[in-house]
Amino acid sequence: MDGDTLYSIGELARRTGLTVKTIRFYSDRGIVAPTDRTPAGYRLYGIDAVARLDLVRTLRELGLDLATVRKVVDRELSLPEVAAAHAEALVVQIRVLRLRHAVLAAVAARGSTPEEMELMHRLARLSEDERRLLVGEFLDAVFGGLVAATPAFAGVMRSMTPELPDNPDPEQVQAWVELAELSLDPEFRASVRQLAEEQVAEQVRSGATAGPRRDIAAVVRDQVGPALAAGIDPASSQADPFVAAFTADYAYLFGRPDDIALRRRLTARLERVNDPRRERYLQLLAVVNGWPAPESLAPALDWSVQALRVRAP
């Protein structure tokens, strides 16, 4: 009967496809013990060794360590228990590999220095709690104390909050790394803080502290959109009605005449809003959060600033 047949280690190797050295290694560690020995002391194995070795090979190919493999084949651990634990470990490994891939892709694309690569790697490996702390520090630096003065800013703050999903794709991880770098930039923080303070001042002046008032940049975008679409030169007389419309809105907001001083103030305001870093932050935020790409305000802001500079040098 085949069940009574004993195999030499060489025969067992031929039946399993494993090398003699590998079988001897498992045998020496008690994972696949010999059934008997020849008078000369050579190991002999029963048919059950074939099934045992097949299982060992499968478990090893899945990445289980030898100690766990031995517990499974000796039935100290059930295979479902081991599979569940190993599947969870693989999820962690996959997440780490995605982070490494994103960092390497960013380094390759940006031509980063070793110092920049180290920073990107550190940012990518932050835990969820550490990410929340970093984001919280940025938002506090930008909006700290402003929400109390203008409750509507709570919504603005939420709209600026990145939330990396549990299983991000490489693009989201790369966006998170760049966004985190940007949020650590003191000049960027100061710029966004100034914009937020100016918007609060506009909200308070207009009496719109309870509910959000449209930011002047959004107003400008809507009012100069037709001019952009028509290809109107911002320095031409055809641009006058469009400029008058958004400067009148700004003048009404501050209760001041639409004069050169007000237009200069508005020019400076729009230039700050038109900071490329702000737009980049919003683009990255959309990628990280899985939102649609935001509409760029740059064309409308560029047009408006040029139009204002011509009229209020």
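Both backbone and side-chain heavy atoms feed into the values below; hydrogens, waters and symmetry mates do not.
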Within a strict 4.5 Å, meaning less than it, do heavy atoms of the [X] and [Y] side chains meet?
X      : Y      : answer
Val287 : Gln174 : no
Val220 : Asp249 : no
Arg263 : Val243 : yes
Leu12  : Thr16  : yes

Between [X] and [Y], does any side-chain N to carboxylate O distance fall below 4.0 Å?
X      : Y      : value
Arg280 : Glu178 : yes
Arg70  : Asp74  : yes
Arg309 : Glu271 : yes
Arg15  : Glu11  : no
Arg272 : Glu198 : yes

State whether the side chain of [X] and the backbone N or O of [Y] hold a donor-acceptor pair below 3.5 Å, judged by distance alone.
X      : Y      : answer
Arg256 : Tyr250 : no
Thr22  : Leu18  : no
Tyr281 : Pro276 : no
Gln223 : Phe242 : no
Arg189 : Ser183 : yes
Thr35  : Gly46  : yes
Thr68  : Leu64  : no

(request) Report the residues that fulfil side-chain hydrogen bond (donor to acceptor under 3.5 Å, both in side chains) with Asp259, sequence neighbours left out, ordered by chain and then residue number. (result)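 Checked Asp259 against side-chain hydrogen bond (donor to acceptor under 3.5 Å, both in side chains); zero matches.
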
(message) If the condition is side-chain hydrogen bond (donor to acceptor under 3.5 Å, both in side chains), which residues does Glu295 pass it with, not counting sequence neighbours?
(response)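 Not a single residue meets the side-chain hydrogen bond (donor to acceptor under 3.5 Å, both in side chains) criterion with Glu295.
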
To the nearest 0.5 Å, tell me how far [X] [atom1] sits from [Y] [atom2].
X      : Y      : atom1 : atom2 : result
Leu308 : Arg269 : CG    : CZ    : 13.5 Å
Glu163 : Trp291 : CD    : CH2   : 7.5 Å
Thr161 : Leu139 : OG1   : CG    : 4.5 Å
Arg131 : Leu179 : CZ    : CG    : 12.0 Å

(message) Parallel, tilted or perpendicular, judged at 30° and 60°: which one describes the rings of Phe138 and Phe188?
(response)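 Parallel.
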
(request) May I have all residue pairs that pass side-chain hydrogen bond (donor to acceptor under 3.5 Å, both in side chains) and include part of residues 53-64, sequence neighbours excluded? (result)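 side-chain hydrogen bond (donor to acceptor under 3.5 Å, both in side chains) check on residues 53-64 returns Asp54-Arg57.
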
(request) Could you name each residue pair satisfying side-chain hydrogen bond (donor to acceptor under 3.5 Å, both in side chains) that touches residues 230-242, not counting sequence neighbours? (result)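 Of all non-adjacent pairs touching residues 230-242, those that pass side-chain hydrogen bond (donor to acceptor under 3.5 Å, both in side chains) are Asp240-Arg311.
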
Donor-acceptor pairs under 3.5 Å, side chain of residues 24-33 to any protein atom, not counting sequence neighbours: which ones?
residue : atom : partner : partner atom : Å
Ser27   : OG   : Val32   : O            : 3.3
Ser27   : OG   : Arg43   : NH1          : 3.3
Ser27   : OG   : Tyr45   : OH           : 2.9
Asp28   : OD1  : Arg43   : NH1          : 2.8
Arg29   : NH1  : Phe25   : O            : 3.4

(request) Applying ring pair (Phe, Tyr, Trp, His ring centres under 6.0 Å), name anything that partners Phe143, two or more places apart in sequence or on another chain. (result)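 In terms of ring pair (Phe, Tyr, Trp, His ring centres under 6.0 Å), with neighbours along the sequence ignored, Phe143 is linked to Phe153.
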
(request) Check the pair Arg37 / Leu44 against side-chain contact (heavy atoms from CB on, under 4.5 Å), numbers first and verdict last. (result) CA-CA 5 Å; Arg37 287 182 179 269; Leu44 295 172; 5.8 Å; no

